[in-house]
Participant: 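Following this message is one structure expressed as structure tokens.
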Amino acid sequence: MFNVSLERLKSRLDFLSTLTDPDLPFTRRAFTARYLEGRNWLEREFQKAGLGTQTDAGGNLIGRLEGKSPKALVLGSHTDTVRSGGRFDGILGVLSALETVQTLLENGVKPNHSLEVVDFLSEEPSDYGGLSCVGSRTWAGTLSGPMLALENADGETLEQAMKRMGADLKRVRSGPLRRPEELVAYLELHIEQGPTLEHAGIPIGVVTGIAGIERWKLSVLGQADHAGTTPMNLRKDALVGAARVVLELNTLAGMTPNIVATIGKLELSPGAANVVPERVDLLTDTRSIDSAALERFNTNFLERSKVLLESAGLGFSFERVSQSTPTVCNARVLSATRAGATRRGYKWLELPSGAGHDGAHLSSLCPVGMIFVPSIGGRSHTPEELTLEGDILAGTEVLLETLLELDRVMV
Ligand SMILES: [Zn+2]
């Protein structure tokens with residue numbers, strides 16, 4: 001078995017995580033000077049490790065090791081962060097991938113397939129309309145004209161920002177940057193960003209899929225009346241109705257396997273202390289890796305909410321505002337990951353990813369899989385984000401074993 005260098009990986013994690021916006025901790029927003037500085041450093045690290053480097057037409061930084069076949073097994077993640085992010089989100093995936101490929105090189109392994117370590121451009125919600133996964137969308141050919149026209153607060157378009165990152169927009173507009181025939185599989189190590197692994201005391205999460213997300217806008221319609229003169233039994237209080245809807249969603253999701261549901265946004269009008277609320281607009285966020293279950297859940301929830309509100313004399317309207325389909329991770333990648341964890345003596349647990357990742361966009365091109373390592377307290381996107389050294393080592397070793405297995409069995 002090959003030994004990865006935890007020391008080397010840790011020193012790279014320390015360097016890149018602290019290459020940050022001077023005013024905010026652990027912040028490297030995509031398209032900024034700091035972000036480019038990090039990528040320039042990363043490119044030199046790729047080269048020092050012996051990888052060929054390239055920034056592709058989508059602005060993705062790629063380190064590549066040629067194998068017996070040009071068809072590539074792709075490892076990767078991202079080096080951009082949210083504002084006041086953490087030390088590990090994204091960069092752990094890129095740097096553990098580099099460590100893995102460097103270890104194979106140092107041990108004289110000539111892989112069957114070419115290996116690529118990719119820093120995908122702008123995975124986190126960007127300053128351009130909040131669009132995420134910009135780089136992986138260019139691979140899949142789903143970065144549309146309206147997306148490219150999104151602007152940041154200074155009026156720069158995403159297209160202009162991508163050009164600054166070295167992207168070739170003519171090529172991006174002309175279709176997918178990669179073809180399925182060029183790719184064997186995509187594999188990403190990432191922090192869990194939730195508490196499941198830590199609670200279970202298990203270091204390795206074998207990711208079964210990336211959740212699809214449905215968002216619905218619900219409006220509860222009552223009547224604005226004087227808070228002092230309207231008797232309690234004659235009110236049509238939209239907020240009281242909305243509160244019932246919130247509880248209904250929470251209770252229903254608690255009873256339904258493989259679903260999480262949240263109402264994180266609520267607008268109340270007229271919003272005055274002395275007026276009975278007339279209208280409440282709520283935004284639901286429901287997630288699952290099972291699209292049929294997600295649809296059933298939302299149909300059921302909306303039906304029950306309607307009945308609840310009608311019986312309270314309130315009006316109700318709803319519309320779906322967004323929908324993304326779940327990604328099912330590839331069975332062969334899952335089995336290679338389970339086998340890899342077992343070979344290294346680590347316990348593993350299968351779990352879905354409730355957060356979005358580049359793999360969701362790459363799944364139209366090739367089999368995808370992800371490996372999670374525990375996030376202490378389930379925290380992420382915050383300076384408190386923490387993954388323990390032992391778990392970083394475990395994740396990297398399992399990444400290496402999975403890569404070797406996929407290189408062996410995939411064609
Ligand atoms: Zn991430």
Participant: Considering residues, nucleotides and ligands other than Glu295, do more than 12 of their heavy atoms fall under 6.0 Å from its CD?
Facilitator: no
Participant: Taking atom types as modelled and ignoring hydrogens, do the side chains of Thr53 and Glu43 form a donor-acceptor contact shorter than 3.5 angstrom?
Facilitator: yes
Participant: Under a 3.5 Å cutoff, is there a donor and acceptor pairing between the side chains of Tyr35 and Asp80?
Facilitator: no
Participant: Go through the steps for Ile289 and Ile210 under the test side chain to side chain contact (heavy atoms under 4.5 Å, CB included), then give the verdict.
Facilitator: CA-CA 6 Å; Ile289 58 165; Ile210 301 169; 5.7 Å; no
Participant: Which of these, Glu385, Arg379, Arg87, sits in a side chain to side chain contact (heavy atoms under 4.5 Å, CB included) with Ile191?
Facilitator: Glu385
Participant: Run the numbers on Lys163 and Glu159 for salt bridge (Lys or Arg N to Asp or Glu O under 4.0 Å), then give the verdict.
Facilitator: CA-CA 6 Å; Lys163 279 184 187 155; Glu159 172 159 359; 3.7 Å; yes
Participant: How about Tyr186 and Glu188: does a side-chain donor come under 3.5 Å of a side-chain acceptor?
Facilitator: yes
Participant: So how far is it from Lys48 NZ to Leu51 CG, rounded to the nearest 0.5 Å?
Facilitator: 12.5 Å
Participant: Is there a salt bridge (Lys or Arg N to Asp or Glu O under 4.0 Å) between Glu350 and Arg338 once you walk through the steps?
Facilitator: CA-CA 9 Å; Glu350 291 192 351; Arg338 290 191 299 259; 2.7 Å; yes
Participant: Within a 6.0 Å radius of atom NZ on Lys10, are there more than 12 heavy atoms belonging to other residues, nucleotides or ligands?
Facilitator: yes
Participant: Checking side chain to side chain contact (heavy atoms under 4.5 Å, CB included) between Arg83 and each of Asp23, Asp21, Asp127, which is the one that passes?
Facilitator: Asp127
Participant: Please confirm whether the ring centroid of Phe301 lies under 6.0 Å from the ring centroid of Trp216.
Facilitator: no
Participant: List, one per line, each side-chain donor-acceptor pair under 3.5 Å for residues 250-277, sequence neighbours excluded.
Facilitator:
| residue | atom | partner | partner atom | Å |
| --- | --- | --- | --- | --- |
| Thr251 | OG1 | Leu247 | O | 2.7 |
| Thr256 | OG1 | Leu252 | O | 2.6 |

Participant: Applying side-chain hydrogen bond (donor to acceptor under 3.5 Å, both in side chains) to Thr342 and Trp348, what does each step give before you reach the verdict?
Facilitator: CA-CA 8 Å; Thr342 304; Trp348 51 265; 3.2 Å; yes
Participant: Have Thr382 and Glu384 got a donor and an acceptor in their side chains that come within less than 3.5 Å?
Facilitator: yes
Participant: Determine the minimum heavy-atom distance between Gly58 and Thr138, stating which atoms define it.
Facilitator: CA-OG1, 3.5 Å
Participant: Is there a donor in the side chain of Asn298 and an acceptor in the side chain of Thr286, or the other way round, less than 3.5 Å apart?
Facilitator: yes
Participant: Which heavy atom in Val184 sits nearest to a heavy atom in Met410, and how many Å separate them?
Facilitator: CG1-CB, 3.4 Å
Participant: With the threshold set at 4.0 Å, does a side-chain nitrogen-carboxylate oxygen contact exist between Glu278 and Lys236?
Facilitator: no
Participant: With a cut-off of 3.5 Å and sequence neighbours excluded, list every side-chain donor-acceptor pair involving residues 356-365.
Facilitator:
| residue | atom | partner | partner atom | Å |
| --- | --- | --- | --- | --- |
| His357 | NE2 | Ser353 | OG | 3.4 |
| Asp358 | OD1 | Ser136 | OG | 2.6 |
| Ser363 | OG | Ala360 | O | 3.0 |

Participant: For the CG atom of Leu75 and the CG atom of Leu399, what is their distance to the nearest 0.5 Å?
Facilitator: 5.5 Å
Participant: If you measure from the Lys or Arg side-chain nitrogens to the Asp or Glu carboxylate oxygens, is any gap between Asp285 and Arg287 under 4.0 Å?
Facilitator: yes
Participant: Working note: Arg8 + Glu99, criterion salt bridge (Lys or Arg N to Asp or Glu O under 4.0 Å); need CA distance, chi angles, decisive distance, verdict.
Facilitator: CA-CA 8 Å; Arg8 183 166 58 194; Glu99 181 56 40; 2.9 Å; yes
Participant: Side chain to side chain contact (heavy atoms under 4.5 Å, CB included) between Leu282 and Lys217: does it pass, once the steps are laid out?
Facilitator: CA-CA 6 Å; Leu282 309 160; Lys217 183 185 169 190; over 6 Å; no
Participant: As a quick check of understanding, evaluate salt bridge (Lys or Arg N to Asp or Glu O under 4.0 Å) for Glu66 and Arg64, giving each step before the final call.
Facilitator: CA-CA 6 Å; Glu66 293 302 327; Arg64 183 171 161 115; 2.7 Å; yes
Participant: Charged N to carboxylate O under 4.0 angstrom, Arg244 versus Glu248?
Facilitator: no
Participant: Is there a side chain to side chain contact (heavy atoms under 4.5 Å, CB included) between Leu148 and Thr157 once you walk through the steps?
Facilitator: CA-CA 7 Å; Leu148 289 167; Thr157 63; over 6 Å; no
Participant: CG of Leu189 to CE of Met370: how many Å apart, nearest 0.5 Å?
Facilitator: 8.0 Å
Participant: A quick test of your reading: do over 12 heavy atoms of other residues, nucleotides or ligands sit less than 6.0 Å from CZ of Arg344?
Facilitator: yes
Participant: When you check the side-chain N and O atoms of Ser219 and Arg279, is any donor under 3.5 Å from an acceptor?
Facilitator: yes
